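Here is the structure we will look at, set down as structure tokens.
So you know, we letter chains A, B, ... as the sequences are listed, proteins then strands, and number each from 1. All of these numbers come straight from a predicted model, not from anything done at the bench.
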Amino acid sequence: MPKKDSYDLIVVGAGPGGASAAIIAAKAGLDVLLVERATVPGEKNMSGSVLFRELTESIFPGFQAASIHDTASSFASLAIKWSIDNDEKEYGVHAGVGSAVMDHQIIVDRSVADAWCAQEAVNAGAEPLYATRVDDVIWEKPIPGGMPRVIGIVTDKGERIYGKAVADASGLHSNLARKTGLVRYPKDKFQFAVKMIFELPADEIRRRFGFWTGASGLPTYDWGLTPVYFGSNPDFYAAHCNAIPDENVIEVVLYSNLTEMIEADTNIWQRMQWFLETQKHWLEGAKPIHVNFHALNTFDIVGYQFESSYLPGYVLIGDAGGFANPVESWGANVAQYQGRLFAELVAEMKENNDWSEAAFARYEEGWKNSFVGDDDISPMCYMFRDGTFKQLWLSLDEAVSAAVALKFTNHPYCEILPAFGPPFAPFMAKAVGLVSPLAPLVKGAEHGLAKLKDITNIVQKIKD
Amino acid sequence: MGRRYNTDILYGNQLAGAKVRAIVEPILVMSETPKTEEHIKIDQEKCNGCGRCYRLCPTGSYEMTPEGIADWRSYGMTHCGECGLCRYVCPVDAIDWNYPQGGTGIIHHWS
């Protein structure tokens, strides 16, 4: 039971977006209710483990110093994308653009990180209401000519709770986004993802994935490579193997287009069995310890899937509004940004006692003018669309192959997948302008580099 | 309307239902707070018997009745992964999907 029947801000969902909204609003002195369907925040999380370092730390001071930091810092920071059915080798080898910001991104186990962040929000004064599903919104009595206004929520226990503002950060399949009608769910726009966690000793993971620590001139993270695979069309499938040695686990994720699965009459496990077969060299002897799966928006993310991101009294934050960017594995960071933005706006609304439609419209203005709405945020998406993506992959392919040929012909896995090996890490560091130990090797990749450098601008915008 | 029959013959060579469970169950170590309600409802009047939910559900929670209509297996939603797949594959919107009640259902925590 909530302690009051009315709040300044009701936050639905205690993930990255919700916890960010709650902590900022609570610190601004607002009455905040943080509603979460899990008993402990994070235990319903399916994916989305990439956070931006500076952004997270600015919202949750102490995040990096907390014990979850160890989990977060050490991760195979780089990815190579590789076409499995590469008869034509159409996509070749590719460096994940998300990886180019590895110094600015951290990987967390969300079941740990979400719980910590939500607790920080509660410590700051937000009132937790956990183990509670939100089923509906409360509408204001319609005013002729006015926009409909949301004035509260209805929980699965039938409680009616009122709020001057409702932040819907409830994630994919948001009940509220449906009830308010803001989000479209076209059935042919879904991916299906399955994630398996395999247990293997850290040393063995480091050996297999070519990790090494503290290369000269680089931050002292573990560096390694994680293979990322795309089918001949990313709408068909994409998959990756993430090594997380600090946790003694390898995460294997497979995405499939749902429409295509229906047409092929395929259960995801058929595809996963096949994929695991191709990954034997990474996974041999590893024990599967966990599995989860979910349906999510497709790669066709250009053009977010909502009509509007706000109504008077109500805004969409993060996945609830389809703000995930699966191409770059971004989403949680976008949600955090939007959560903070909205909380700051609500604090202003309260101060000015202005809860008008125009005041809520500033939320949409705000994120559209931020990195979230910036075209640059998604160079990969646009490259997918205009074909330059293919060029990028091919040019990087040249650079990587050269690096491998020079230095790593003796790497234990080179024979199987010749491009895997540590030299790629400095290459990517070069791409974001950090160091250039292998400068001669990147000559063939100017085009790709130009695109990747956009990332530094994005990071700068986030810092600002 | 266009219901199919004898699904085992139709889908016998497909990975579905019990076969899926045989794969998933050994690694389905997600802990769970027992669900307290039938959070996903099948409108069996609407169901056209296409069997997509049965074949695609990653936990093998669906079965087809002898009449060719989608139904929950005897173990019902015990291991439903709350993924939302069935809602999107149903061509006739016969599946009324929701998350389970707050505080119930699967718990993902592996580290």
Query raised in the report: Salt bridge or not for B/Asp43 and B/Lys41, using N-O below 4.0 Å?
Result: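 Salt bridge absent between B/Asp43 and B/Lys41.
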Query - Beyond-backbone contact of A/Ile268 with A/Leu254, side-chain heavy atoms, under 4.5 angstrom - result: yes
What part of [X] gets within 4.5 angstrom of chain B, counting heavy atoms only: side chain, backbone, both, or neither?
X: A/Tyr130; answer: neither
X: A/Asn45; answer: backbone
X: A/Asp135; answer: side chain
X: A/Arg110; answer: neither

Report task. Against chain A, label B/Glu82 side chain, backbone, both or neither, depending on which of its atoms sit under 4.5 Å from a heavy atom there. Result ->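 Both backbone and side chain.
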Report task. With a 4.5 angstrom heavy-atom cut-off, could you sort out which part of B/Thr33 is near chain A: side chain, backbone, both or neither? Result -> neither
Report task. For residues B/Trp97 and B/Tyr88, establish whether the separation of their ring centroids is below 6.0 Å. Result ->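 Not close enough - the centres of the two rings lie 6.0 Å or further apart.
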Query - Pair B/Gln101, B/Thr36: side-chain N/O donor-acceptor within cut-off below 3.5 Å - result: yes
Query - Cation-pi check, A/Arg37 onto B/Tyr99 ring (under 6.0 Å, within 45° of axis) - result: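 Yes; both conditions hold, so A/Arg37 lies above the ring face of B/Tyr99.
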